[in-house]
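Just the heavy atoms: all of them, side chains too, but no hydrogens, waters or symmetry mates, feed the values below. Labels below follow one simple rule: chain letters A, B, ... track the order of the sequence lines, proteins then strands, and each chain is numbered from 1.
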Amino acid sequence: MASTPPHCSITANKRNQNHQKRCRRWTNHNVSLAKPPLPSSPHNAPKPGASTAATTNAQNQPFPSLATLQSQKSQLAADFSGRRRFVSKLHIGRPKSTLSIRHTLVAEEALQHVVLYGKDDQTLENVLLNFESRLCSSDDYTFLLRKLGDRGDSSKAIRCFEFAMRREKRKNEQGKLASAMISTLGRLGKVELAEAVFETALREGYGNTVYTFSALISAYGKSGYWNDAFKVFYSMEAYGLKPNLVSYNAVIDACAIGGVEFKKAVEIFDEMFKNGVQPDLITFNSLLSVCSRGGQWEAARNLFTELINRGIDLDIFTYNTIVDAFCKAGQMDAALEIISEMPGKNVLPNVVTYSTMVRGYGKAGRLDEALNLFNKMKFLGLSLDLISYNTLVSAFAMLGRFEEAWDVCKEMENSGIRKDVATYNALLGGLYEEAMEIFREFEKAGLKADVVLYTALIDTMCKNGLVESAVTLLDEMTKEGIRPNVVTYNSIIDAFGLSAITQHVVDDAGEASEFQVKSSSSSVVQEATESRVTDREDDRIIKIFGKLAAEKASQENNCGRQELLCILGVFQKMRELEIKPNVVTFSSILNACSRCDSFEDASILLEELQLFDNQVYGVAHGLLMGYRENVWVQAQSLFDEVKLMDFSTASAFYNALTDMLWHYGQKRGALLVVLEGKRRQVWENVWSDSCLDLHLMSSGAARAMVHAWLLNIRSIVFDGHKLPKLLSILTGWGKHSKVVGHSALRRAVEALLTSMGAPFQLARCNLGRFISRGSVVAAWLRESGTLKVLVLHDDRTHPENVRVDQVSNLQMLPL
DNA sequence: GTAGGGTTAG
């Protein structure tokens with residue numbers, strides 16, 4: 001079932017790459033759901049099922065675009081209106097579940113016993129044998145395994161499933177059990193086991209139902225494998241199955257989780273109509289989630305407005321999804337506005353709504369507002385849960401305010417909620433002084449470190465120059481059976497150039513492939529219950545913490561030869577493990593190049609990496625070598641792809657690329673790239689006539705931009721216009737730097753301005769701001785020697801660049 | 001079969 005991914009490229013989806021075994025394309029296109037507005041009156045809308053002509057119209061468009069949604073004539077638009085009553089009818093004031101209870105009281109009793117006494121295979125079997133005669137049909141067993149799944153106990157759930165299957169001979173009952181098992185495993189993220197159950201079910205002749213297929217679609221979707229979800233979905237027809245509402249919703253939800261482009265989700269949505277399946281509010285919520293998770297808050301807003309205009313009754317899921325879309329995009333005021341509208345629609349904000357806002361404010365650095373909201377939650381009597389507490393803990397920890405983070409933990413525990421792996425991760429994040437103690441407590445609580453926790457530790461170690469420890473941890477997690485993901489590797493790559501990293505990074509990582517090899521024939525039970533040997537005595541992580549001091553002491557000796565070319569080995573290893581590099585990998589590699597002083601190594605590395613991805617590394621290599629004319633077309637299409645990514649990813653890419661070019665003296669190339677970034681609004685509003693805002697830029701990008709801006713100001717002066725009274729260059733306070741107060745950017749800009757003799761001075765009231773009077777700058781720009789210091793030159797020149805650079809100057813001046 | 005949290009680049 002699993003597809004083999006091409007080993008590619010920054011175009012890989014950057015989200016959910018911890019589920020890297022399958023290929024997913026990066027498909028985060030910007031879409032707009034805007035105008036023209038659909039008629040909001042229900043009167044001129046056809047009734048459901050009455051839109052034959054429109055349906056025909058849609059059938060002629062196998063890939064309906066959003067234009068379909070925008071067009072009044074489209075089948076979607078028509079049914080969108082007509083569906084209104086249908087949706088409303090389903091959801092007005094109804095609780096979510098109207099299902100009758102199917103299981104018996106005996107099943108509930110059995111659950112208690114299984115939980116209490118089923119400690120191992122044998123005792124569990126005994127409990128089930130005791131209850132066997134009193135448990136009725138598959139419904140009781142389904143209840144059991146679902147409840148065990150809710151408790152996160154997949155291995156007990158599987159035991160119950162197999163116990164039931166051994167006794168059930170009716171195909172349809174077996175099918176029900178299999179669907180429940182697949183869905184339970186899917187919820188727990190055990191997608192390979194779900195797959196195994198499904199395949200067995202199909203082989204044994206009880207899996208050919210819309211329920212098992214839908215369950216598998218959902219299981220794939222939940223783990224981010226939208227590609228496989230789609231395959232299963234589209235294979236249904238060949239099995240003679242017609243997807244129902246649940247199948248469609250599951251596949252649309254897979255789009256949301258997997259980061260599939262909105263257009264594709266709308267396509268599925270259109271297919272629903274064509275096939276006579278009416279969407280419900282869950283369909284819309286998932287569709288909204290597609291926008292939200294893709295970072296497309298504008299598309300989300302438009303869809304939301306559309307639903308409101310149509311008078312569809314929205315529920316708390318709808319509101320929370322749109323609030324999250326706004327929060328993710330930093331649109332906090334818009335989010336707040338939505339929340340203020342909720343009570344009027346009889347939907348009250350809940351703990352999820354508030355947690356989302358708290359996180360949004362925390363991310364935006366508006367901690368006071370985050371705290372206010374948190375306190376408001378308490379005031380309103382909302383019962384705070386683990387996630388809402390963790391959100392606040394993490395907000396404090398992100399700002400290095402560990403004392404307060406710790407206080408929130410205490411408050412949480414006083415209210416009877418125990419810390420989980422995410423809480424500890426937030427606390428360990430800064431690797432502050434009590435890290436070892438916190439880790440001991442973590443283990444004492446019986447929690448297991450997962451890939452996120454390990455990666456966080458590895459990254460912190462790398463950032464502190466403790467690369468040896470980081471590599472030991474990589475080895476450690478591998479031995480524990482935890483598969484490193486792209487984030488783990490990106491952290492390691494980012495450490496290259498910080499200190500020497502020896503070949504054993506690559507060697508150690510090789511062991512990671514061991515646990516990846518799984519026999520498809522091994523039984524579900526075996527796979528599920530294979531417990532890792534955990535030796536608490538041999539506590540390697542604690543030992544690593546113990547090594548920290550020693551390693552820190554010897555760090556000075558660690559600044560030796562940088563082995564940039566080791567990155568090739570890491571890349572190879574990632575390929576073997578089927579971990580697709582992404583745009584962050586690319587940025588990390590460029591950053592490593594910038595830290596290295598060997599032009600030769602950097603160029604060899606980028607040249608070799610072209611074997612993995614010709615476009616990305618071809619452009620980087622070409623620009624580094626100064627072959628601008630040859631690669632600029634290719635560069636444009638790379639920039640086009642990056643443009644589709646979210647703002648911070650795109651700016652990180654431009655920053656890394658410019659930094660490397662600047663570092664190796666390709667200053668005109670650096671200039672070209674920053675101007676391209678500016679043209680594409682990568683750094684939002686970088687400049688006006690009076691102000692240059694560099695706070696989102698790296699030091700190389702910022703310096704190239706200073707040149708570009710001053711040249712631009714110069715052209716204003718030479719055109720005979722007056723400069724504004726006061727000119728400012730903002731470098732920020734370094735809050736975007738991981739190291740608080742580390743104002744490398746300000747220092748780099750200061751040195752540049754000084755070297756050029758530019759008459760800017762540090763503002764007294766704001767240490768991140770350089771200012772000058774417009775008249776003074778104008779006078780300086782008119783001086784005969786100024787142009788010479790403003791125009792950038794390459795340290796390495798190639799004759800073929802003359803033409804493209806002339807073009808770039810022309811492009812630059814009118815900006 | 002739908003909503004919120006912890007990991008890289010910023």
Side-chain angles (χ1 to χ4, degrees), chain A residues 14 17-18 96 183 186-187 211 214-215 217-218 221-222 244-254 256-257 280-289 292-293 315-325 327 350-360 362 385-395 397-398 420-429 450-460 462-463 484-495 582-591 646-656 695-698 735-738:
Chain A
K14 99 182 178 79
Q17 289 224 1
N18 45 335
K96 185 177 154 191
S183 133
R187 271 187 297 134
Y211 301 102
S214 299
I217 292 166
S218 171
K222 281 203 161 41
N244 62 14
L245 177 63
V246 174
S247 328
Y248 278 105
N249 284 353
V251 81
I252 290 174
D253 201 50
I257 297 165
D280 63 359
L281 190 54
I282 291 179
T283 321
F284 292 119
N285 289 346
S286 293
L287 212 48
L288 198 57
S289 184
S292 167
R293 299 208 198 201
D315 66 3
I316 187 70
F317 287 84
T318 326
Y319 281 102
N320 286 346
T321 307
I322 187 73
V323 166
D324 191 39
C327 286
N350 64 8
V351 63
V352 175
T353 328
Y354 281 100
S355 302
T356 307
M357 290 295 288
V358 169
R359 176 173 154 71
D385 63 4
L386 179 62
I387 292 180
S388 47
Y389 275 111
N390 279 353
T391 305
L392 196 65
V393 171
S394 149
M398 264 193 308
D420 75 345
V421 59
T423 326
Y424 282 102
N425 197 13
L427 290 171
L428 283 166
D450 61 7
V451 61
V452 176
L453 186 72
Y454 269 110
T455 301
L457 288 174
I458 285 172
D459 184 61
T460 312
C462 286
K463 289 229 171 6
N485 62 26
V486 69
V487 181
T488 323
Y489 276 98
N490 289 347
S491 294
I492 300 257
I493 288 173
D494 209 57
N582 61 14
V583 64
V584 181
T585 320
F586 180 61
S587 300
S588 299
I589 287 174
L590 295 180
N591 286 333
D646 66 277
F647 147 79
S648 69
T649 304
S651 59
F653 164 87
Y654 278 89
N655 283 338
H695 83 281
L696 292 174
M697 308 185 77
S698 63
K735 74 172 180 180
H736 291 274
S737 162
K738 276 280 182 224

Donor-acceptor contact below 3.5 Å, side chain [X] vs main chain [Y]:
X: A/Ser292; Y: A/Leu288; answer: no
X: A/Asn655; Y: A/Leu696; answer: yes
X: A/Thr460; Y: A/Ala456; answer: yes
X: A/Asn591; Y: A/Ser587; answer: yes

Kindly indicate whether the side chain of [X] and the base of [N] share any N or O donor-acceptor pair separated by less than 3.5 Å?
X: A/Asn350; N: B/dA3; answer: yes
X: A/Ser491; N: B/dT8; answer: no
X: A/Asp420; N: B/dG6; answer: no
X: A/Ser355; N: B/dG4; answer: yes

Nearest to side-chain heavy atoms of [X], which nucleotide of [options]:
X: A/Asp315; options: B/dG6, B/dT2, B/dT7; value: B/dT2
X: A/Asn591; options: B/dG6, B/dA9, B/dT2; value: B/dA9
X: A/Asn320; options: B/dA9, B/dA3, B/dT7; value: B/dA3
X: A/Val352; options: B/dG4, B/dG10, B/dT2; value: B/dG4
X: A/Asp494; options: B/dA3, B/dA9, B/dG4; value: B/dA9
X: A/Val487; options: B/dG4, B/dT8, B/dA3; value: B/dT8
X: A/Asn655; options: B/dT2, B/dG10, B/dT7; value: B/dG10

Take atom [atom1] of [X] and atom [atom2] of [N], then tell me their distance rounded to the nearest Å.
X: A/Leu696; N: B/dA9; atom1: CG; atom2: C1'; answer: 14 Å
X: A/Asp450; N: B/dT8; atom1: CG; atom2: P; answer: 14 Å
X: A/Tyr489; N: B/dA9; atom1: OH; atom2: P; answer: 18 Å
X: A/Arg187; N: B/dA3; atom1: CZ; atom2: C1'; answer: 16 Å
X: A/Tyr454; N: B/dG6; atom1: OH; atom2: P; answer: 21 Å
X: A/Asn425; N: B/dG6; atom1: CG; atom2: C1'; answer: 4 Å
X: A/Asp459; N: B/dA9; atom1: CG; atom2: P; answer: 5 Å
X: A/Asp385; N: B/dG6; atom1: CG; atom2: P; answer: 14 Å

Would you mind classifying the nucleic acid contact of [X] as base, sugar-phosphate or nothing, using non-hydrogen atoms under 4.0 angstrom?
X: A/Ser214; result: nothing
X: A/Val323; result: nothing
X: A/Ser183; result: sugar-phosphate
X: A/Ala422; result: base
X: A/Val393; result: nothing

The ring pair (Phe, Tyr, Trp, His ring centres under 6.0 Å) partners of A/Tyr454 (sequence neighbours excluded) come to none
**OP:** Kindly say if A/Lys463 contacts the phosphate of B/dT8, meaning a side-chain N or O under 4.0 Å from OP1 or OP2.
**Re:** no
With sequence neighbours left out, the residues meeting side chain to side chain contact (heavy atoms under 4.5 Å, CB included) with A/Ser286 are A/Ile252, A/Asp253, A/Ile282
